[in-house]
Amino acid sequence: MRIVLMGPPGGGKGTQATILKEQWNVPHISTGDLLRAAVRDATPLGLKAKAAMDAGELVSDDLMLGLIEERLGQSDARTGFILDGYPRNLCQAESLDQVLARIQQPVSGALLVEVDAEKIVERLAKRAQQEGRSDDNEATVRKRLAIYAEQTAPVANYYAEQGQLVRVLGEGDIDEVTQRILAAVTQAGWD
Ligand code: AP5
């Protein structure tokens with residue numbers, strides 16, 4: 001299974017990927033998690049990425065391509081993957097296709113988890129209180145939502161035009177969303 005998991009910030013991508021990776025026995029590759037680890041460890045990548053992340057903006061495409069190429073080159077990704085947070089604009093989508101063609105691992109499909117923007121603001125306000133993530137304050141969440149609408153939503157159209165997009169409602173209980181995803185993936189015939 002080689003899935004691109006898409007959705008707005010706070011849409012539940014990470015939550016669902018953590019469950020689905022067990023189900024499908026593939027690694028969950030989250031560019032957000034990789035970047036946060038780089039910031040925490042103060043690596044050269046982390047030092048370059050931190051300002052954009054704190055502002056709710058996208059990290060540059062060339063830094064992201066290096067990161068994703070390296071991660072997809074690791075042995076555990078040979079059996080498949082769930083990509084969470086990449087690609088996030090059309091340039092990244094085209095780069096990803098090239099990388100995957102080179103390693104002969106084209107995506108099975110893209111799954112778009114859809115959640116209303118105001119529900120997201122509520123979810124992330126709760127997470128800000130619980131976890132204190134530096135980009136979960138309301139102003140930055142709204143900025144992330146605007147960048148999502150402007151730059152990432154077109155990526156869903158990119159996959160839809162290739163007949164590779166499945167949309168799933170991401171509202172309701174976590175388990176309910178998982179069941180919807182599993183049913184949609186079965187119906188799409190991805191493996
Ligand atoms: P990233 O970490 O990818 O952030 P994001 O897309 O904003 O996503 P989140 O992690 O906030 O949300 P999620 O959809 O994973 O939801 P989650 O499961 O956590 O990226 C962070 C930053 O890194 C970016 O802003 C950018 O700067 C940079 N970056 C990353 N990738 C990049 C790229 N490719 N290019 C350039 N820059 C990049 O859930 C959210 C909350 O909701 C949790 O508290 C959860 O418990 C709760 N929740 C989940 N499901 C439900 C449910 N069904 N009901 C109620 N609550 C729920």
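Just the heavy atoms: all of them, side chains too, but no hydrogens, waters or symmetry mates, feed the values below. For ligands, and for the atoms within them, numbers begin at 1 and follow the listed sequence.
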Quiz item: Polar-atom distance check: Thr31 versus ligand 1, any N or O pair below 3.5 Å?
Solution: yes
Quiz item: Considering only heavy atoms, does Glu57 approach ligand 1 within less than 4.0 Å through its side chain, its backbone, both, or neither?
Solution: backbone
Self-check item: N/O separation below 3.5 Å, Gly14 to ligand 1
Solution: yes
Practice problem: Using only heavy-atom distances, determine whether the side chains of Asp175 and Thr178 contain a donor-acceptor pair under 3.5 Å. | Solution: no
Quiz item: Any side-chain donor-acceptor pair under 3.5 Å between Asn89 and Tyr158?
Solution: no
Quiz item: Does an N or O anywhere in Gly172 fall below 3.5 Å from an N or O of ligand 1?
Solution: yes
Quiz item: Is ligand 1 under 4.0 Å from a heavy atom in the side chain of Arg144, in the backbone, in both, or in neither?
Solution: side chain
Quiz item: Closest non-hydrogen protein atom to atom 6 (O) of ligand 1, residue and atom name please, with distance?
Solution: Arg88 NH2, 2.7 Å
Quiz item: Does ligand 1 have an atom that lies less than 4.0 angstrom from a heavy atom of Pro8?
Solution: yes
Quiz item: So is Ser30 close enough to ligand 1, meaning a heavy atom under 4.0 angstrom away?
Solution: no
Quiz item: Based purely on interatomic distance, does Asp135 place a nitrogen or oxygen under 3.5 Å from a nitrogen or oxygen of ligand 1?
Solution: no
Quiz prompt | Option nearest atom 39 (O) of ligand 1 (shortest heavy-atom distance, choices Ile68, Leu124, Thr15, Leu63) | solution = Thr15
Quiz item: Do you know the tightest heavy-atom contact between Pro87 and Val155?
Solution: CG-CG1, 3.9 Å
Quiz item: Shortest non-hydrogen contact from Ile82 to Lys21?
Solution: CD1-N, 3.6 Å
Quiz item: For Val59 and ligand 1, does the shortest N/O to N/O distance drop below 3.5 Å?
Solution: yes
Quiz item: Should Asp33 and Arg40 count as an ion pair when the cut-off is N to O under 4.0 Å?
Solution: no
Quiz item: Any N or O on Arg36 sitting closer than 3.5 Å to an N or O of ligand 1?
Solution: yes
Quiz item: When you check the gap from the basic side-chain N to the acidic O, do Glu138 and Arg142 get nearer than 4.0 Å?
Solution: yes
Self-check item: Residue pair Asp62 / Ser60, side-chain donor-acceptor N/O under 3.5 Å
Solution: yes
Practice problem: Among all protein heavy atoms, pick out the one at the shortest distance from atom 16 (O) of ligand 1; state its residue, atom name and that distance to 0.1 Å. | Solution: Gly12 N, 3.0 Å
Quiz item: Looking just at side-chain N and O atoms, do Asp54 and Ser134 make a donor-acceptor pair shorter than 3.5 Å?
Solution: yes
Quiz item: Checking salt bridge (charged side-chain N to carboxylate O under 4.0 Å, His left out) for the pair Arg71/Asp76: CA distance, chi angles, key distance, verdict?
Solution: CA-CA 9 Å; Arg71 183 62 188 87; Asp76 64 341; 2.8 Å; yes
Quiz item: What's the shortest heavy-atom distance between Ala77 and Ile29, and which atoms?
Solution: CB-CD1, 4.5 Å
Quiz prompt | Residue pair Trp190 / Met1: nearest heavy atoms and the distance that separates them | solution = O-CE, 3.7 Å
Quiz item: Among protein heavy atoms, which lies nearest atom 43 (C) of ligand 1, and at what distance?
Solution: Arg127 CD, 4.0 Å
Practice problem: Give the numbers and elements of all ligand 1 atoms closer than 4.0 Å to a heavy atom of Gly85. | Solution: 31 (N), 32 (C), 33 (C), 34 (N)
Quiz item: Does a side-chain heavy-atom distance below 4.5 Å link Glu176 with Glu171?
Solution: no
Practice problem: Out of Glu176, Lys13, Lys143, Arg133, indicate the one that has the non-hydrogen atom closest to atom 4 (O) of ligand 1. | Solution: Arg133
Quiz item: Under a heavy-atom criterion of less than 4.0 Å, does Gly10 contact ligand 1?
Solution: yes
Quiz prompt | From Asp61 atom CG to Ile68 atom CD1, the distance as rounded to the nearest 0.5 Å | solution = 12.5 Å
Self-check item: Atoms of ligand 1, numbered as shown, that sit under 4.0 Å from any heavy atom of Ile174
Solution: 50 (N), 51 (C), 52 (C), 53 (N)
Quiz item: How far is atom 35 (N) of ligand 1 from its nearest protein heavy atom, and which residue and atom name does that atom have?
Solution: Gln92 NE2, 3.0 Å
Quiz item: Do any nitrogen or oxygen atoms of Leu35 come within less than 3.5 Å of a nitrogen or oxygen of ligand 1?
Solution: no
Quiz item: Is Gly11 in polar range of ligand 1, meaning some N or O pair under 3.5 Å apart?
Solution: yes
Quiz item: Starting from atom 47 (C) of ligand 1, which protein heavy atom do you reach first, and at what distance in Å?
Solution: Arg123 CD, 4.1 Å
